[in-house]
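Reminder, nothing fancy here: chain letters follow the sequence lines and each chain counts from 1.
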Amino acid sequence: MALTGIQIFKLLPKTNCKECGVPTCLAFAMNLASGKAELDSCPYVSDEAREKLAEASAPPIRPVKLGKGVRQTTTGGETVLYRHEKTFFNPTVLAATVASDIDAAALDSKLKVYNAFQYERVGLNLRPELLVVKDVGAGAAAFADTAKKIASESEFNLVLMTEDVDVMKAGVEAAGFKRPLIYAATEANVDAMGALAKENDLPVAVKADSVEALIPLTTKLTGMGIKDIVIDSGSREIKQALEDQVAIRRAALKAGNKALGFPTITFPCEMASNLDMETVISAMFVAKYGGIVVMSDFTTESLFPLLLERLNIFTDPQRPMTVTEGIFEIGNPDENSPVVVTTNFALTYFIVSGEIEASKVPCWLLIKDSEGLSVLTAWAAGKFGGDDVGMFVKKCGIMDKVKHTELIIPGYAAAIAGDVEEELPGWTITVGPREAAHLPAFLKSK
Amino acid sequence: MGFEITKESYAGAIKGITIGKGDNTLTIGAESCYPFYQFEGDMPNKPVIAMEIWDMEPQDWPASALAPFKDVISDPAAWAKKCVEEFGAQIIVLQLKSIDPNDQDASPEDAAATVQKVISAINVPLVVWGCTSPAKDEAVLKKIAEVCQGENLILGPVEEKNYKGIGAAAMGYGHTVISSSPIDVNLAKQVNILLENLGVPLNKVIVDPTTGGLGYGLEYTYSVMERLTMAAMTQGDDKLQNPIINNLANEVWKCKEAKQTAEEAPELGDPERRAILMEAVGAVSYFMAGSNIMIMRHPEAIKLAKAFIELISN
Ligand code: B12
Ligand code: SF4
């Protein structure tokens, strides 16, 4: 099991050469022990020490990098069973399936449609990452062509799905430059698939017919020097699949089972006969430990809810997303433009600023620091009180920018109107609508 | 040695609570493992779907949510009946929107009359949900408790501010209550303790953790539910071993994206299917966190949620 900083220190060169980025070997050892450093940062560890340390310093679930380019992503690397214990780090990767025999024109239009599935939210771009090229028996050339076209003409990264080593070789040759995931090494082909992954430095997925049966396969691959492994316990019934996800996560985190310390890949596309059911099954895997979730297809109606769920589940529970306090100009406001105030919770800010933008009425949006709480929550917690808001309006500098004296406050904060007025003598405090969706009509009618 | 799953050691279980009356009862809760972790415990009663109806015609529902109920939307009793007979609702939730003091401010008597009509139209348990204005809810739910004596209604939300009045009435007239708190384990426990001290037995209490919409606070509710479930089961906290109810439909369907038309948001595709899947995905997320009763709206979303429960249980 894990070594202490001192135990690690004894295995290091003790030259304090600083190449690892910290002043001393001891400091580096401490960082390794607490998971803040990677062993590879020290170029001078002996092979023997490396072996001893690798085991102890590796995170319990290996973070595996998938793909290249703008949709490159990492799966795995989780350290807890429940998000409130710390946070979940690497959002479940969403994938759709493309048959290897798809013709070029159909693939073109599919890629175009898939590429449009991107959604702006809280300042982030939500989108899926992967396409699975599935060997449907149309031969190595078709498999390679499809993989190559996706790899070179789209942002999507790839999973190459075939158990036929020759077909896989063709796929790797055609699309290997984009760091695709090889799916899958099985009991029957693990040596050849492992060699292919190793040669091309690619991540490889292992497929077995139970959690237990994964262990010899991953052990074999790690023995070959392969680190980037993804695992599929083979279950295609959701009751068993949930059990397997829990078994794997607990084995890695609670029992220190290194052979299962890898991200998982799951296949809702093989668990249901329609995309709506696939979507709800995917929802389960987003919550419960799916590293990669493969659906048969992407449609905007099923992706969008899953991306929202994923955003929610993988948000750091200790730190609400915030924006900085201050004055935001929306649409070139001038000295007569309305002044609107709200909190600095990122979700609140993006909803409100989005609606103001949509209204096409230029505005000054004042964001008051409320420790990342929504309007009602902030008000209930005393972080968006009348005095505070009034004081903030005074000192934020808006009074030098506008000639008028009207402040629009959120409808849900109507209760603070009186106190704000007291703090801002001479100002008119207008209570806006409750829902931001009604802001455009409200602003336009002013 | 073969691989063995690392099991959780549980120190407690969720109470089984029977709701409804006579031939129309239903037991919820009683699980002795985390949601659907049947490899290490039992889940004798699967989560159930409650369908919501409103006591006044909804003004801001998108067309897709209204469509299935068009013919009954202005008649709560007919609406409830349709939900049970046509859509297989296992529980009906009457949302008392009309009593909101900032809106129609309907009287306790009017609300009670509506409740009675709904009761006589259905043969499943009935939840009566207030307008979350503590004082008004207290006045209205007290009246309903009295008028519907012995019906074993489920009355809520009951908060720290109004637990005395509603709790006493529920106890006196034989009803179950929904103990409600804003996404906080300690506050949830606090309301339960207050109710118990008042004399309401905890096996007549269902917990409402406050439900956030998908993309609008779901993560907070999700985690507080996991923490409630852990407190109840691994820590064995007997003040928190109550089944959980999520007022989901109300939250999901008020999200902007559930309401936008195809013209307003062409990039989000078919508005009906999008909103249905938003509701279904929200439901599954909360099932995984320990929900026992999910309040839902659209029959298609309900079908998906039920199919999911069926698949994962068997
Ligand atoms: C998630 C949540 C939390 C999260 C915090 C999330 C966050 N970062 O803010 C947590 C769990 C931490 C939390 C804690 C608490 N919460 Co809370 N929480 C919620 C919940 C479920 C959703 C809030 C949310 O995220 N809304 C989404 C954002 C975008 O909404 P919003 O900021 O209001 O913005 C909307 C509008 O206001 C409008 N708008 C915004 N700005 C502007 C500006 C203008 C000019 C206009 C016109 C419109 C406008 O646009 C937006 C969309 O329409 C609500 C219940 C609910 N369903 O609303 C309760 C709720 C807000 N919480 C409540 C309470 C009481 C609390 C606590 C005080 C409980 C406690 N005693 O501990 C604490 C306080 C926090 C603290 N002490 O640190 C109460 C508030 C009651 C009240 N005001 O009377 C609520 C309403 C729950 C309830 N019914 O009891 N909470
Ligand atoms: S790089 Fe290695 S040898 Fe140099 S200070 Fe860091 S740990 Fe010590």
Side-chain angles (χ1 to χ4, degrees), chain A residues 82-84 116-119 121 210-215 237-239 241-244 246-247 250-251 253-255 257 260 271-272 276-277 279-284 286-288 299-302 304-309 311-315 317 320 347 351 354-355 374 377 380 435-437, chain B residues 2-8 34-40 60 182-183 212-220 222-224 226-227 230 254-257 259-260 267-285 287-289 300 303-305 307-308 311-314:
Chain A
Y82 305 97
R83 61 184 291 281
H84 66 258
F117 297 154
Q118 306 194 33
Y119 314 90
R121 203 181 174 82
S210 68
V211 174
E212 180 168 6
L214 283 167
I215 295 171
E237 280 172 0
I238 70 170
K239 185 180 180 191
L242 173 67
E243 177 176 341
D244 288 359
V246 175
R250 284 186 185 163
L253 298 186
K254 298 287 163 203
N257 188 333
L260 293 172
M271 301 179 183
D276 289 352
M277 259 334 271
T279 306
V280 296
I281 295 170
S282 299
M284 174 186 86
V286 170
K288 288 294 167 187
T299 63
T300 190
E301 297 89 349
S302 69
F304 180 69
L306 288 174
L307 288 166
L308 286 184
E309 183 202 14
L311 175 70
N312 281 167
I313 298 288
F314 285 83
T315 296
L347 182 60
I351 292 173
E355 294 296 347
S374 75
T377 319
E435 297 301 330
Chain B
F3 171 78
E4 267 183 49
I5 186 167
T6 308
K7 289 197 175 151
E8 185 64 70
Y34 287 160
F36 307 107
Y37 286 18
Q38 295 175 94
F39 46 86
E40 59 188 16
D60 61 346
I183 321 191
L214 181 66
Y216 295 86
L218 176 136
E219 70 273 40
Y220 294 98
Y222 180 91
S223 280
V224 100
E226 286 201 327
R227 292 180 56 205
M230 291 173 98
K254 79 176 181 215
C255 295
K256 180 176 172 179
E257 294 84 355
K259 289 202 259 188
Q260 281 172 318
E267 73 283 3
L268 293 178
D270 176 50
E272 180 169 25
R273 180 157 176 258
R274 175 212 318 149
I276 287 169
L277 287 172
M278 285 177 70
E279 187 174 20
V281 165
V284 169
S285 309
F287 284 139
M288 300 319 294
E300 292 302 318
K303 268 190 208 156
L304 288 169
F308 174 80
L311 278 177
I312 190 155
S313 310
N314 301 304

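- Neither the backbone nor the side chain of B:E272 comes within less than 4.5 Å of any heavy atom of chain A.
- Of all the heavy atoms in A:P305 and B:L214, the pair that sits closest is O-CD2, 3.8 Å.
- At a threshold of 4.0 Å, the pair B:E257-A:R121 counts as salt-bridged, since one of the basic side-chain nitrogens sits closer than that to a carboxylate oxygen.
- Ring planes of B:F308 and B:F287: parallel class, angle under 30° (limits at 30 and 60°).
- A:R250 approaches B:T6 most closely through the heavy-atom pair NH1-O, 2.9 Å.
- Looking at every heavy atom in both residues, B:A289 comes nearest to B:P35 through C-CG, 3.8 Å.
- Put simply, of B:R274, B:M288, B:R273, the one with the most heavy-atom pairs under 4.5 Å next to chain A is B:R273.
- When heavy atoms are compared at a cutoff of 4.5 Å, B:E8 approaches chain A by way of both its backbone and its side chain.
- Residue B:E40 touches chain A through its side chain alone, counting heavy-atom pairs closer than 4.5 Å.
- Looking at A:D244, there are no atoms closer than 4.5 Å to chain B (heavy atoms on both sides), in backbone or side chain.
- Looking at B:K259 and B:D60, a side-chain N of the basic residue comes within less than 4.0 Å of a carboxylate O on the acidic one, giving a salt bridge.
- Heavy-atom distances place no part of A:A437 under 4.5 Å from chain B, backbone and side chain included.
- Between A:I238 and A:M284, the shortest heavy-atom distance links the atoms O-CE, 4.1 Å.
- Only the side chain of A:L347 comes within less than 4.5 Å of a heavy atom of chain B; its backbone N, CA, C and O stay farther away.
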Salt bridge (Lys or Arg N to Asp or Glu O under 4.0 Å) between B:K256 and A:E355, intermediate numbers included: CA-CA 11 Å; B:K256 180 176 172 179; A:E355 294 296 347; 2.6 Å; yes
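- With a 4.5 Å cut-off on non-hydrogen atoms, B:Y222 touches chain A through its side chain but not through its backbone.
- Among the candidates B:E226, B:M278, B:E300, the residue making the largest number of heavy-atom pairs closer than 4.5 Å to chain A is B:E226.
- Each of A:L306, A:T279, A:L242, A:N257 has some count of heavy-atom pairs under 4.5 Å with chain B, and the biggest count is that of A:L242.
- Among B:V284, B:L218, B:V224, B:I312, the residue making the largest number of heavy-atom pairs under 4.5 Å with chain A is B:I312.
- Among B:L268, B:I5, B:I183, B:N314, the residue with the largest count of heavy-atom pairs under 4.5 Å with chain A is B:L268.
- Of the two parts of A:F304, only the side chain, counted from C-beta on, holds a non-hydrogen atom closer than 4.5 Å to a non-hydrogen atom of chain B.
- Note on ring orientation: taking the six-membered ring where Trp is involved, the planes of B:Y37 and B:Y34 are perpendicular (angle over 60°, cut-offs 30° and 60°).
- Both the backbone and the side chain of B:Y216 come within contact range of chain A, each with at least one heavy atom under 4.5 Å from a heavy atom of that chain.
- Using a 4.5 Å cut-off between heavy atoms, A:F314 makes no contact with chain B at all.
- Under the 3.5 Å distance criterion, the side-chain polar atoms of A:T300 are matched with a main-chain donor or acceptor of B:E267.
- For a residue to count as touching a neighbouring chain, one of its non-hydrogen atoms must lie under 4.5 Å from one of that chain's; by this rule A:T299 touches chain B with the side chain only.
- Highest contact tally toward chain B, considering only A:L311, A:V246, A:I281, is held by A:V246 [criterion: heavy-atom pairs under 4.5 Å].
- Residue contact with chain B, scored on non-hydrogen atoms closer than 4.5 Å, is absent for A:L307.
- With hydrogens and angles disregarded, a donor-acceptor distance shorter than 3.5 Å links the side chain of A:E301 to the backbone of B:D270.
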